[in-house]
Amino acid sequence: MVDIILDNIKKSFGSVQAVRGVSLKVYDGEYLTLLGPSGCGKTTTLRIIAGLEKADSGEIYFGDKKIDFNVPPEERNIGMVFQHFEIFPFLDVWDNVSYSCKVRGVNKDEIEERVSKYIHLVNLDKYVDKFPFELTAPQLQRIGIARALATGAKILLLDEPLGALDQRYRDEFRVEMRKLVKKLNITAIHVTHDQDEAMMISDRIAVMRKGSILQVGTPGDLYIKPNAIFVANFIGESNFVEGEVKSIDKYTQIKLHGGGPIIFSKNKHFYKRDRVIGSIRKEFVKIKEFIEENKLKDNNLIEGNINNIAFLGSHLRVNIELENGDIIEAKVTYPPSIQFEVGSKVYIKLHPENVLLFPYPEDLDYELALE
Ligand code: ATP
């Protein structure tokens, strides 16, 4: 069993509280990602697990075993992959990969077996005799992964491992990384600030901000049920509107600020007159043509004017200005079912289950900042 448990881990660098009481359980065989903006404490958390950094307080367990903070990385049975890891330019692929086993004193036969196994698993068989200068960036990164795995580690720690790769290689590599971890049945903790990467690669994601974990969940959980404005904003793309709860029956009715329209939400954890923020994913904003009779049939339509249209190939971004001046952006799959024109009047249809409500925060700008 190699569940990894972090219990109230704290770490400061002088006056900077890099990690502020992080508790997390990563299950045996799980691919978990620490996701958050730059400086939120992801790398420090990973380095504490690795033994490259000592926590100020808290506890770490690998399975049932409590890990003393003084245990060095090489005695923790972990493999590590970094964005910029050390490749020895004068060693070929085989020697670069076998290096980690040699320094750990693994015997010769075992090294042969492990190195050939992992070189094969990362698709470098054809390149065993090549030197780093003869290889591409993705191939060099494969060396790093094979080297980390060849240690025989059951835990793999990855810090922005794909950060140095071109976008076109990244998607492919993400899929491969996940397959590899699953095939080997190891536990992986991956650090990234890239939400697409986290969504593609992870069983679960821990969203971090300012040294704390805000939410841990599957990619689907975080997308459908974000527990904070920051998470709703960081994962995917959302519109945020401000309003006040007018009534609660089948749905919660929210009157948008500044004389705006009423919108409906399925979220019922609020009271009349509560000030709230509504969060609506851009792809859930449906645009309907402006036809007078619509008004009579459906009271969940909001009037607005298209004030910008951007074409992005797979989809359009259509901005609609409401009567109170709020702009709602819709992501519309291309080709759209209706023709949009700047200046034209339209309706927006929002399904109540797609309008998430959050209490109005003390500092909205802070909650909406992506840092
Ligand atoms: P990034 O993606 O930019 O690496 P991160 O989320 O991984 O960010 P950390 O690298 O863990 O964040 O840093 C968290 C905070 O701790 C930052 O404010 C950073 O400047 C600070 N910090 C990290 N390491 C040190 C250090 N060795 N000395 C001083 N401050 C540090």
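Positions are given from 1 along the sequence. We count ligands from 1, going down the list as the structure has it; atoms in each ligand are counted the same way.
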Test of proximity, [X] against ligand 1: N or O pairs below 3.5 Å:
X     : answer
Cys40 : yes
Phe13 : no
Thr44 : yes
Glu53 : no

Should [X] and [Y] count as an ion pair when the cut-off is N to O under 4.0 Å?
X      : Y      : answer
Arg104 : Glu74  : no
Lys130 : Asp92  : no
Glu172 : Arg170 : no

Mode of Val16 contact toward ligand 1 - side chain, backbone, both, neither (heavy atoms, under 4.0 Å):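 Looking at Val16 and ligand 1, just side chain atoms fall under 4.0 Å.
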Donor-acceptor side-chain pairing of Asn239 and Lys282 below 3.5 angstrom: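 Lys282 and Asn239 do not have a side-chain donor-acceptor pair below 3.5 Å.
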Please state which protein non-hydrogen atom is closest to [atom] and give its distance, to 0.1 Å?
atom                    : answer
atom 10 (O) of ligand 1 : Thr43 CB, 3.7 Å
atom 2 (O) of ligand 1  : Lys42 NZ, 3.1 Å
atom 17 (C) of ligand 1 : Gly39 O, 3.9 Å
atom 12 (O) of ligand 1 : Gly41 N, 3.2 Å
atom 16 (O) of ligand 1 : Ala18 CB, 3.3 Å
atom 3 (O) of ligand 1  : Ser38 OG, 2.6 Å

Nearest-0.5 Å distance that lies between atom CG in Leu35 and atom NE2 in His190: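 Taking CG in Leu35 and NE2 in His190, the distance rounds to 9.5 Å.
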Pairwise distance CD1(Ile189) to CD(Glu30) - rounded to 0.5 angstrom: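 Here the rounded value is 9.0 Å.
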Heavy-atom gap Gly14 to ligand 1 smaller than 4.0 Å: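 No, that is not the case, since the closest heavy atom of the residue is not under 4.0 Å from the ligand.
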Numbered atoms of ligand 1 (with element) below 4.0 Å of Pro37, judged on heavy atoms: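 Per the distance check, 6 (O).
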Sub-4.0 Å protein heavy atom near atom 31 (C) of ligand 1: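 Within 4.0 Å of atom 31 (C) of ligand 1, protein heavy atoms are found.
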Heavy-atom protein contact below 4.0 Å for atom 20 (O) of ligand 1: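 So atom 20 (O) of ligand 1 lacks protein heavy-atom neighbours under 4.0 Å.
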Lys349 vs Leu301, side-chain contact (heavy atoms from CB on, under 4.5 Å): CA-CA, chis, key distance, verdict: CA-CA 5 Å; Lys349 173 142 181 130; Leu301 293 174; 3.7 Å; yes
Atom CD of Glu75 with >12 non-hydrogen neighbours under 6.0 angstrom: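 Buried by this count: over 12 neighbours within 6.0 Å.
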Cation-pi check, Lys286 onto Phe284 ring (under 6.0 Å, within 45° of axis):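 Not satisfied by the 6.0 Å and 45° rule.
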Quiz item: cation-pi between Arg147 and Phe82, 6.0 Å / 45°: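 Pair Arg147/Phe82 does not count as cation-pi.
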